[in-house]
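Before any comments, here is the structure.
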2 protein chains.
Amino acid sequence: MAVRPTLETVAQEAGVSIPTVSQVIRGTGRISEKTREKVLKAAKKLHYIPDGRAAAMRSGENREIGFVINQIANPFNAEVMSGVVELLEAEGYLVSILDTGDDAARQERHLEAFIRNGRGGLLWVPAQDTPERTFDLLRVQAIPTVTFMRPAGERYDHVGVRNAVATETATSHLADLGHHHIAYLGGTVMTLVRQRRILGYERVMKARNLGAPIVWPSIDTKLAGLEALRDLRQSHPEVTAIVCNGDMVALGACLGLQKAGLVPGRDLSVIGFDDIADAALATPALTTMAISPQKLGRKLAQVLLARIREPDMPTTVSEVSARLVIRDTTGPVPAGGTGD
Amino acid sequence: MAVRPTLETVAQEAGVSIPTVSQVIRGTGRISEKTREKVLKAAKKLHYIPDGRAAAMRSGENREIGFVINQIANPFNAEVMSGVVELLEAEGYLVSILDTGDDAARQERHLEAFIRNGRGGLLWVPAQDTPERTFDLLRVQAIPTVTFMRPAGERYDHVGVRNAVATETATSHLADLGHHHIAYLGGTVMTLVRQRRILGYERVMKARNLGAPIVWPSIDTKLAGLEALRDLRQSHPEVTAIVCNGDMVALGACLGLQKAGLVPGRDLSVIGFDDIADAALATPALTTMAISPQKLGRKLAQVLLARIREPDMPTTVSEVSARLVIRDTTGPVPAGGTGD
DNA sequence: GAAGAAAGATAGAACGATCTACCGAAGGAT
DNA sequence: ATCCTTCGGTAGATCGTTCTATCTTTCTTC
């Protein structure tokens, strides 16, 4: 089987020295047009592709970026990733993706593997229960890092969403429709993100003098949302509207309502978070807080590039706003409902 | 900022030579218990993580695997990936993922980037219109490669599904329910996979003397499936059942039926392919040809490992069978329907 | 035509690891 | 006491690239 060509192979073929070939390939230094063509021809003939690892080793520059994410199958994440890849690829970077499944141990193994194999930068959604040790690991290695969605103090640059403002908007929308007993559904661990979202929800509940806040946990899948809704309704039959921690849970809740013979938006209002593709396609279509994944992805890439270019600048925080998209799962309080 | 520790740093700290440290870290050679402990202590103190690229360069062994996939957001793919990662990770490999979006140009850039940055093996779902040149690129570099789902002749090992058998099963199931006018919905380009699936469908249509085969194209999203169903029903109102190229299209078709006020499984039978998580959760729950993504993922990993260990053995083909899962979207021909 | 500058190419070290070969010390047999 | 073996560890070359320094040749300019 063919052995991979190197600078030396190409140099021999072209009848020049190794550094000359290197310069031609990278377009640096002073090279005459004649030798340039000679070298390019040889390189093409041999299907030469430079060894990025050897280059990175010598030059210290590393054009491979790692994206460590909590759930690769989440369609929202997928769109963010595609935004990131598009922009970084144009700058000559390779973005390779790892899935932690929100498991801290697996995350640490992954991060270590990334460090071991050399990454010039890291985009990171920290797993829910990331221990301090993992952050240390990364700091020692001095890799430019940007956290996404879940901030990690002021250690790294961060790109995320104005969560508290978003749930304020969502809860106000429900209050405007006349709802008093509004629950918050979704999430399990009290991450900073969830904390901020619940804060926005509770602020409106208090400010507008609505019922006592009800926070009901659920993991972030449709199936879990379906089950959680059932339990929530049993414990709190007075609830007429729910603000959800994510679209998957919200869609699950809608399924749960339908299974119970109820109509989302008429018998009980549901509002999601993210605006994934399924939100608009579901019947009834889901009212939700939309965030633009492409926008987030681009922002993420920009922040990382800035950090790579200027490793010593103070860390930054970039937040984008969510937008209320009213569809069919929110409506006025049902006639028989408790208007109090 | 801290500079990354190397073998030399650790060697100095421990008061031994560089090769000694290397041997301790890798657990090779003869090392006394005393120096071993000394070295490990120093390595731990400095948070030493070996540079896999330098190691790979010298030893020729590369423990980083690339997974080049057509659609990262597809939940079926996500489950396959997690199966692959689990097994390869246990063997000490790092699996990093790239999304081609089924775009041949992007795919070629990605593959080249993988080669440039050194991958010890490749798992690959070739994009739909992959040119011959791309296959050449890979062969020249002599990287162990396994194709997934979409075979590429006998060039590489392959892991896939018994597609023709699966659609035979699906179509027979509909025929058993009394359907005569059965359409095949989904896919656009005539890939080998689609060809095999359509072959199975057509074989049953012919063998059981049913209506003329109708193949209707659609890309693989819910939205497209919804629209395609509408068009299909307009052109072929006699159709009472459809076999779909994938669950996403099938779910889209069900949505389309519901939008038209019809009930999937009663007014028109729909059968999907893949059994993604949503298939069981949809209302009505989707009848589908289930394939176990974990099983496929493990198989994929095993085949790649075998190829890495034995680069010169003849290429293999491994196929797993799909299993008919009957849920609520298939039923007998409706009363007013054309029983012919 | 001589000195200086610029252009074009190259030699050799370096990056961080691993591999091969070798070396000194300790232990055992004769 | 000498030789041989085994054990524990090290020196130096090497992987494919880039960097620094240098070398030769040609072109300007007065």
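Just so you know, these numbers come straight off a predicted model, no measurement behind them. In what follows, every chain begins at residue 1, and chains take the letters A, B, ... in the order their sequences are listed.
- In 5' to 3' order, the nucleotides of DNA chain D bounding all contacts with chain A (an atom under 4.0 Å from a heavy atom) are D/dG16 to D/dC19.
- Listed pair A/R30 / C/dG8 fails the phosphate criterion, with no side-chain N or O lying under 4.0 Å from OP1 or OP2.
- Atom CD in A/Q23 sits about 9 Å away from atom C1' in C/dG8, given to the nearest Å.
- Here A/E91 does not pair with A/R63 in a salt bridge; the nearest charged N to carboxylate O distance is not below 4.0 Å.
- Classification of A/R26 and A/E61 as a salt-bridged pair fails, no side-chain N sitting under 4.0 Å from a carboxylate O.
- When the P atom of C/dC15 is taken as reference, atom CG of A/D51 falls 18 Å away, rounded to whole Å.
- Contact annotation for A/E8: no contact, since no heavy-atom pair falls under 4.0 Å across all strands.
- With DNA chain D read from its 5' end, the first of the two nearest nucleotides for B/S17 and A/R53 is the one closest to B/S17.
- Residues B/M57 and B/R26 both approach DNA chain C. Their nearest nucleotides, taken by heavy-atom distance, put B/M57 toward the 5′ side.
- In this structure, A/T28 reaches neither bases nor backbone, as no heavy-atom distance under 4.0 Å exists between it and the strands shown.
- Under a 3.5 Å cut-off, the side chain of A/Q107 and the backbone N or O of A/T100 do not form any donor-acceptor pair.
- Using a 4.0 Å cut-off between a side-chain N of Lys or Arg and a carboxylate O of Asp or Glu, B/K41 and B/E13 do not qualify as a salt bridge.
- Side chain of B/L7, nearest nucleotide from C/dA7, C/dA17, C/dG12: C/dA17.
- Within the 4.0 Å cut-off from OP1 or OP2 of C/dC19, not a single side-chain nitrogen or oxygen of B/S59 is found.
- Within the nucleic acid shown, B/T20 comes within 4.0 Å of at least one base atom, counting heavy atoms only.
- When the nucleotides C/dA9, C/dT18, C/dT10 are ranked by their closest atom to the side chain of A/I31, C/dA9 comes out on top.
- Taking atom CD1 of residue B/I18 and atom C1' of nucleotide C/dT18, one finds them 11 Å apart after rounding to whole Å.
- Here B/Y48 reaches the OP1 or OP2 of C/dA17: one of its side-chain N or O atoms lies under 4.0 Å away.
- Under the 30°/60° scheme for interplanar angles, the aromatic rings of B/F67 and B/F148 are found to stand perpendicular.
- A salt bridge does not link A/D136 with A/R155: none of the charged nitrogens is closer than 4.0 Å to a carboxylate oxygen.
- Salt bridge status for B/R109 with B/E112: absent, with no side-chain N to carboxylate O gap under 4.0 Å.
- In this structure, B/T6 does not reach the C/dG16 phosphate: none of its side-chain N or O atoms is under 4.0 Å from OP1 or OP2.
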